[in-house]
Protein chains: 2
Amino acid sequence: MPQPPAPRKTPGRPPRISREEVVGTARRIVDSEGVARLTMRRLAAEIGSTPMALYHHVRNKEELLVLLLDDYAARTLHRPGLPAEPRERVVVCAAAIHEALAACPWIVEVLTADDLLSTSALWFVEQIVDGLVACGLPPERAVHGYRAIWYYTAGEIVVRTTAGRRRADDGRPTYREQVFDGLDGDELPRLAQVAGRWQELTAEDTYLHGLRALVDGLLTPR
Amino acid sequence: MPQPPAPRKTPGRPPRISREEVVGTARRIVDSEGVARLTMRRLAAEIGSTPMALYHHVRNKEELLVLLLDDYAARTLHRPGLPAEPRERVVVCAAAIHEALAACPWIVEVLTADDLLSTSALWFVEQIVDGLVACGLPPERAVHGYRAIWYYTAGEIVVRTTAGRRRADDGRPTYREQVFDGLDGDELPRLAQVAGRWQELTAEDTYLHGLRALVDGLLTPR
DNA sequence: GGTACTTTTCTTACATGTATAGAAACTCGC
DNA sequence: GCGAGTTTCTATACATGTAAGAAAAGTACC
């Protein structure tokens, strides 16, 4: 006995598209053509609807991106094996989040959003907080510690990817890059000393090193 | 003998507006009406020109904002008295940058830019790098340390202000805020434990605490 | 003065996110 | 079947950043 399209009970015009369809189609566009191609008009056309219809399933484009990020996290954020040492657990979980985010740089505009991502990321947050507690922090301090780790992680991603994007835009010197040229070696000796290697030095991936330092510092009683 | 407008030597149509005028007028608009009111059309009207004319003095709106930020930094970033202890010098300088940035939240869209801000901020960078070196780090590690501090600082500002803005937009629950509601206390006990106080805990200003932890961690030999 | 060249400015046009107003397609009580 | 109410969808319109190209206003050389 196949109930055809399942009898609806709710009043009002029945929806022709769903939030899932919106997000799923958006994901397909982003995956295949890049986030720049994801416009509300394009998305609506792909779905076979009109741009404004999307706004009944998504508050605005930013929320759509947040949903995309959550969707992405749910699919690619796999739980790592946890080391016994709680401090190392914290590091491993933060690094896992970082790695997943670094792999999809279009996230930047969303990353600024809030602290925790999708429900699938909550497990990682739990592990981090729990690891900090296991190392002796009271729960409140552990939450603060998690926040510090998140600030550091989000900041790293945001700064790095936008710096990279800027360089990609058009080859030539952004205003900021000229700042090292007329450097006064008397007043700023340290910077003058490393000026030539600045690009190279700041291009290195030191996320893990900084993360370890932060975690160590959070866990060392003052 | 007043040389009227100083004889020009360069060929081409003489400019009627200058980059300084563009930035200065933009600053006045932002100061008096907020960054949301700063549009290229509005700015052009204020200057008495056309929108596209601005693009000969500024690469695009983002660069204009970067220039605004630098202008702001040059005016409000005052050098603090430096403590003798080099580690404390690092903390004081980072905190000064953080304080200046936190005071003008419209910066967020620019903050993602790069690492160092205006030339007027270079002094702070110098002090931080020098402080780390004075504590025993080799110069390369000191630069990496500065970067870590910058990631943490920028991340804190970006995450906090956009989270705040989102709440201000419209009162009601963003998708993200509902994530704590259906929390599984068995699988995520720590989060369940603090769920009720999450808003309150993450609202606290713990920048300095995290900064100290990071600096301590950077300076502790492993 | 006239021609070539350069730099700045102006005009026009387009893609984008989204506000607003109303039409369309349902359920429910009668 | 019919009006009331509700939800979803559509049409239209606007503000914004900015690309493209033409026009303007100079200098340099003849």
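Labels below follow one simple rule: chain letters A, B, ... track the order of the sequence lines, proteins then strands, and each chain is numbered from 1. Any value given below was found using the heavy atoms of this structure, including those in side chains, with hydrogens, waters and symmetry copies removed.
Taking every side-chain heavy atom of B:Arg41 into account, D:dT16 is the closest of D:dT16, C:dT18, C:dT11. Which of C:dT18, C:dT9, D:dC9 sits closest to the side chain of A:Met40 comes down to C:dT18.
Counting to the nearest Å, the C1' atom of D:dA20 and the CE atom of B:Met52 are 8 Å from each other. Going from atom CG of B:Asn60 over to atom C1' of C:dA15 covers 17 Å, rounded to whole Å. The CD atom of A:Glu63 sits 15 Å away from the P atom of C:dG17 (whole-angstrom rounding). Atom CD1 in A:Ile17 sits about 9 Å away from atom C1' in D:dT8, given to the nearest Å. Between B:Leu54 atom CG and D:dT16 atom P there is a gap of 14 Å when expressed in whole angstrom units. Between the CZ atom of A:Arg19 and the C1' atom of D:dT8 there is a distance of 15 Å, rounded to whole Å. In this entry the distance linking OH of B:Tyr55 with P of D:dA19 reads 7 Å, nearest Å. Note: CG (A:Leu43) to C1' (C:dT16) measures 14 Å, nearest angstrom.
With a 4.5 Å cut-off on side-chain heavy atoms, B:Leu101 and B:Leu69 count as touching.
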Kindly give the atom pairs (protein nitrogen or oxygen, nucleotide nitrogen or oxygen) under 3.5 Å for nucleotides 5-7 of chain C.
unit_1: C:dT6; atom_1: O2; unit_2: B:Gly12; atom_2: N; d: 3.4
unit_1: C:dT7; atom_1: O2; unit_2: B:Arg13; atom_2: N; d: 2.8

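Residue B:Thr39 is in sugar-phosphate contact alone, with no base atom involved, counting any heavy-atom pair closer than 4.0 Å across all strands shown. Nucleic acid contact for B:Ile47: none, since no nucleic acid atom lies under 4.0 Å from a heavy atom of the residue.
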Legend entry - Derivation and outcome, side-chain contact (heavy atoms from CB on, under 4.5 Å), residues B:Leu218 and B:Val90: CA-CA 11 Å; B:Leu218 288 170; B:Val90 173; over 6 Å; no

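Summarising the geometry of B:Ala94 relative to B:Tyr207, their closest heavy-atom pair is O-OH, 3.5 Å, with the distance given to 0.1 Å. Counting all heavy atoms, side chain and backbone alike, A:Trp198 lies closest to B:Val125 at CH2-CG1, 4.2 Å.
Note on B:Thr50: every side-chain N or O is 4.0 Å or more away from OP1 and OP2 of C:dT11.
One finds no salt bridge joining A:Glu204 and A:Arg197 here, because no Lys/Arg side-chain nitrogen approaches an Asp/Glu carboxylate oxygen to under 4.0 Å. Between A:Glu33 and A:Arg42, at least one side-chain nitrogen of the basic residue sits less than 4.0 Å from a carboxylate oxygen of the acidic one, meeting the salt-bridge criterion.
In this structure a side-chain-to-backbone donor-acceptor pair under 3.5 Å is present from B:Tyr72 to B:Ala100.
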